[in-house]
Amino acid sequence: MKKVIIILSVISGISAAEISGDTIAEYLDMIGEDMVYDRDGNEFVLMAVQGDTTVPYMYILADPEMEGVLLVALTPGVIPESGPERTTALETLAQLNWDNTWVKFTADPETGEVSAMYTFSTENGLGFEAFSIMIKILLGTVDENWETLASL
């Protein structure tokens with residue numbers, strides 16, 4: 001019985017590879033040359049290149065200790081500070097969250113800036129395909145709702 005437990009422990013240790021910033025950097029590089037990013041350890045900011053200017057559009061955090069990855073896409077949305085426009089914007093945000101299964105929209109309480117986010121567990125590893133698909137789903141969801149977000 002002890003041998004079985006030891007073997008299972010070794011197998012589970014092998015299959016549960018830690019996802020670090022190096023893994024995320026490798027995956028971003030695999031996506032293609034169009035992927036421009038700044039890296040600080042396990043944190044990444046994806047940048048869109050427009051001429052001589054770069055504009056951030058996504059934040060990625062790999063947290064090996066928590067066994068998770070957070071993807072946050074920036075949007076044009078900003079929740080007004082007060083008034084009926086604020087109520088309408090928050091209702092719109094709630095509807096967007098209801099309508100979208102994978103992506104959740106959130107507003108920064110201090111600035112009102114709206115972002116779209118997706119968090120997933122890496123306790124059993126993270127494949128390139130899953131990672132790249134979630135980036136596409138996140139950015140596609142923002143793109144599909146761009147006009148709604150811009151009108152907040």
Side-chain angles (χ1 to χ4, degrees), residues 12 14-152:
S12 68
I14 292 170
S15 65
E18 181 178 287
I19 304 303
S20 67
D22 292 337
T23 305
I24 299 302
E26 178 183 332
Y27 287 175
L28 291 173
D29 292 341
M30 288 171 62
I31 289 174
E33 294 177 18
D34 296 342
M35 192 63 62
V36 176
Y37 60 87
D38 288 333
R39 177 181 179 187
D40 183 12
N42 291 336
E43 298 180 60
F44 298 81
V45 177
L46 305 186
M47 310 292 278
V49 178
Q50 300 172 338
D52 293 337
T53 309
T54 57
V55 178
Y57 66 90
M58 181 180 280
Y59 170 80
I60 300 172
L61 171 64
D63 191 337
E65 195 172 296
M66 296 296 291
E67 296 182 323
V69 172
L70 170 66
L71 304 174
V72 180
L74 305 178
T75 77
V78 178
I79 302 293
E81 288 185 30
S82 61
E85 297 85 10
R86 179 178 176 79
T87 302
T88 301
L90 290 172
E91 288 173 354
T92 300
L93 203 62
Q95 187 64 52
L96 285 169
N97 282 328
W98 179 263
D99 294 340
N100 290 282
T101 304
W102 298 102
V103 175
K104 293 304 166 206
F105 292 90
T106 184
D108 183 309
E110 293 180 19
T111 65
E113 294 173 334
V114 175
S115 58
M117 59 188 344
Y118 181 76
T119 306
F120 49 94
S121 170
T122 60
E123 69 179 290
N124 294 317
L126 172 65
F128 169 72
E129 292 81 14
F131 177 76
S132 62
I133 286 171
M134 283 317 305
I135 286 179
K136 290 175 186 173
I137 288 173
L138 185 60
L139 295 176
T141 302
V142 170
D143 190 48
E144 289 172 14
N145 295 287
W146 192 265
E147 289 182 27
T148 301
L149 292 162
S151 69
L152 294 177

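Note that the coordinates shown come from a computational prediction; the quantities given were computed from them, not determined experimentally.
With rounding to the nearest 0.5 angstrom, the CD1 atom of Ile19 is 5.5 Å from the OG1 atom of Thr122. In this structure, CH2 on Trp102 lies 7.0 Å from CD1 on Ile137, to the nearest 0.5 angstrom. If you take CG on Leu28 and CZ on Arg39, they are separated by 9.5 Å, rounding to the nearest 0.5 Å. A distance of 11.5 Å separates OG1 in Thr92 from CZ in Phe105, rounded to the nearest 0.5 Å. Between Leu93 atom CG and Thr148 atom OG1 the span is 11.0 Å, to the nearest 0.5 Å.
With respect to Ile24, the side-chain contact (heavy atoms from CB on, under 4.5 Å) criterion is satisfied by exactly one of Asp29, Asn42, Leu126: Leu126.
Scanning all heavy atoms of the two residues, the minimum distance from Leu74 to Val142 falls at O-CG1, 4.0 Å.
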Donor-acceptor pairs under 3.5 angstrom involving side-chain atoms of residues 45-63: please list them, not counting sequence neighbours.
residue : atom : partner : partner atom : Å
Tyr59   : OH   : Glu43   : OE1          : 2.7
Asp63   : OD1  : Glu65   : N            : 3.2
Asp63   : OD1  : Met66   : N            : 3.1

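Taking the six-membered ring where the residue is Trp, Tyr27 and Phe131 present tilted rings, their angle falling between 30° and 60°.
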### Query
What do the steps show when you test Ser20 against Thr23 for side-chain contact (heavy atoms from CB on, under 4.5 Å), and what is the final call?
CA-CA 5 Å; Ser20 67; Thr23 305; 3.7 Å; yes
### Task
I would like to know whether Phe128 and Ile31 meet side-chain contact (heavy atoms from CB on, under 4.5 Å); could you show each step before the answer?
CA-CA 9 Å; Phe128 169 72; Ile31 289 174; 3.8 Å; yes
### Task
Walk me through it: do Tyr118 and Thr141 pass the test side-chain contact (heavy atoms from CB on, under 4.5 Å)?
CA-CA 11 Å; Tyr118 181 76; Thr141 302; over 6 Å; no
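When side chains are defined from C-beta on, Leu96 does not count as touching Val114, because their heavy atoms never get closer than 4.5 Å. The closest side-chain heavy-atom distance from Ile79 to Leu152 is below 4.5 Å.
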